[in-house]
Undergrad: 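One structure coming up, written as structure tokens, with questions to follow.
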Amino acid sequence: VDSLEKGLILVTAKYTKSEVYEPAKAMLDAIKKQKNTYNPLDTLNNPANLPSTIYSFKETDPHYCLVVLNETKLENVAKENLSDFNAKYFSTNKYELKPLPQGDKLFINITTFKNKDDAMDYYTFFTGNAGEALKVVDKKNYQVFVISIENLSVLLKRKDIEEYKSFFNAKYIGIKQ
């Protein structure tokens, strides 16, 4: 199922205007629904399992995919890798890469996704192909998140990546912290 899911994510990302989009999206939604039927922590449905946070969870709001590099010197090579990755797999989407320096770290904001589900489809494909997406950057030197526009503003003010990571894992991935 995982390889089918990856293939469907690629089809829905590349062929948004094609007649294959709707059937592929329906099949992808069915796979996601099946995966979500068993959640041993029930994190997403039980607020008691969620960490308290100042972040908001609005699934229908526009979202970004955020790559956090631990070193600003990796900017050029990371942007080049991400550009190549997006051109190869998401050429019809015209995603933009926006670097946001944050002290010794660099956020590369991949913009803009219609909602949480679209951003998570990209995230799932990206993380499944991270070796290609960021070929020359060691995995220990970056993190990837999906984040709403509103929450990005909060993250940029607070500069606490671990706090957002806990929120992201709980609300988007379903991992209790």
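By convention here, the first residue in the shown sequence is residue 1.
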Undergrad: Is any side-chain heavy atom of Y122 less than 4.5 Å from a side-chain heavy atom of V144?
TA: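 Not touching, per the 4.5 Å side-chain cut-off.
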Undergrad: State plainly whether one hydrophobic cluster holds both I161 and I110, where clusters connect Ile, Leu, Val, Met, Phe, Trp and Tyr through side-chain heavy atoms under 4.5 angstrom apart.
TA: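 Both belong to a single hydrophobic cluster.
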Undergrad: What's the separation between atom CG in D160 and atom CG in L155, rounded to the nearest 0.5 Å?
TA: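 Reported to 0.5 Å precision, the distance equals 8.0 Å.
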Undergrad: Can you name the residues that form a ring-ring contact (aromatic ring centres under 6.0 Å, His included) with Y164, not counting sequence neighbours?
TA: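 Residues passing ring-ring contact (aromatic ring centres under 6.0 Å, His included) with Y164: Y55, F145, F167.
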Undergrad: Tell me, please, which residues at least two apart from K88 pass salt bridge (Lys or Arg N to Asp or Glu O under 4.0 Å).
TA: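 Once residues adjacent in sequence are excluded, the partners of K88 under the salt bridge (Lys or Arg N to Asp or Glu O under 4.0 Å) criterion are E132.
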Undergrad: Quick one: CD1 on I173 to OG1 on T127, what's the gap to the nearest 0.5 Å?
TA: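 Atom-to-atom, I173:CD1 and T127:OG1 are 7.5 Å apart.
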Undergrad: side-chain contact (heavy atoms from CB on, under 4.5 Å) for D61 and N151? Distances and angles first, verdict last.
TA: CA-CA 11 Å; D61 282 4; N151 286 340; over 6 Å; no
Undergrad: If I compare all heavy atoms of G103 with all of T72, which pair ends up nearest, and what's the gap?
TA: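 That closest heavy-atom pairing would be O-CG2, 3.7 Å.
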Undergrad: Less than 4.5 Å apart, side chain to side chain, heavy atoms only: is that true for F113 and N93?
TA: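 No; the side chains remain at least 4.5 Å from each other.
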Undergrad: Would you say L69 and N141 make side-chain contact, with heavy atoms under 4.5 Å?
TA: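 In short, these two side chains do not touch, never coming nearer than 4.5 Å.
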Undergrad: May I have the step-by-step check of side-chain contact (heavy atoms from CB on, under 4.5 Å) for E150 and S56, ending in yes or no?
TA: CA-CA 8 Å; E150 181 181 330; S56 62; 3.1 Å; yes
Undergrad: Rounded to the nearest 0.5 Å, how far does CD1 of I149 lie from OG1 of T112?
TA: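 That separation rounds to 5.5 Å.
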Undergrad: Walk me through it: do K25 and D117 pass the test salt bridge (Lys or Arg N to Asp or Glu O under 4.0 Å)?
TA: CA-CA 11 Å; K25 184 72 173 153; D117 288 340; 5.6 Å; no
Undergrad: Looking at residues at least two apart in the chain, or sitting in another chain, which of them share a ring-ring contact (aromatic ring centres under 6.0 Å, His included) with F107?
TA: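 With sequence neighbours excluded, F107 shows a ring-ring contact (aromatic ring centres under 6.0 Å, His included) to no residue whatsoever.
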Undergrad: Once rounded to the nearest 0.5 Å, what's the spacing between atom CD1 of I147 and atom CG of L152?
TA: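 Here the rounded value is 5.0 Å.
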Undergrad: Heavy atoms, side chains only, cut-off 4.5 Å: are F90 and F126 in contact?
TA: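 A side-chain contact under 4.5 Å is absent here.
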Undergrad: How close do A78 and V137 get, counting heavy atoms only, and between which atoms?
TA: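 So the two residues come closest at CB-CG2, 4.4 Å.
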Undergrad: May I ask you to test the V146-F168 pair for a side-chain heavy-atom distance under 4.5 Å?
TA: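 A side-chain contact under 4.5 Å exists here.
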Undergrad: Are the side chains of L74 and L134 in touch, meaning some heavy atoms are under 4.5 Å apart?
TA: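 Answer no - side chains too far apart.
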Undergrad: Measuring from S153:OG to R158:CZ, what's the distance to the nearest 0.5 Å?
TA: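 Answer for the OG-CZ pair, S153 versus R158, is 13.5 Å.
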Undergrad: Looking at every heavy atom in both K114 and D118, which two are closest together, and how far apart are they?
TA: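 Closest heavy-atom pair between K114 and D118: CB-OD2, 3.3 Å.
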Undergrad: Does some side-chain heavy atom of V136 sit less than 4.5 Å from a side-chain heavy atom of N81?
TA: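 Yes, side chains in contact.
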Undergrad: Any side-chain heavy-atom pair from Y95 and T111 closer than 4.5 angstrom?
TA: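 No, too far: nothing below the 4.5 Å cut-off.
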Undergrad: Between N70 and K105, is a side-chain contact (heavy atoms from CB on, under 4.5 Å) present by the stated rule, with each step listed?
TA: CA-CA 5 Å; N70 292 337; K105 296 191 183 314; 3.5 Å; yes
Undergrad: Hey, are H63 and Y172 close enough side-chain-wise for a donor-acceptor pair under 3.5 Å?
TA: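 A pair is found: one side chain offers a donor N or O, the other an acceptor, under 3.5 Å apart.
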Undergrad: Can you give me the closest heavy-atom contact between N115 and E59, atom names plus distance?
TA: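 Residues N115 and E59, closest heavy atoms: CB-O, 3.3 Å.
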Undergrad: With clusters defined by side-chain heavy atoms of hydrophobic residues (ILVMFWY) lying less than 4.5 Å apart, directly or transitively, does M27 cluster with Y21?
TA: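 As far as the 4.5 Å side-chain criterion goes, M27 and Y21 are not connected within one cluster.
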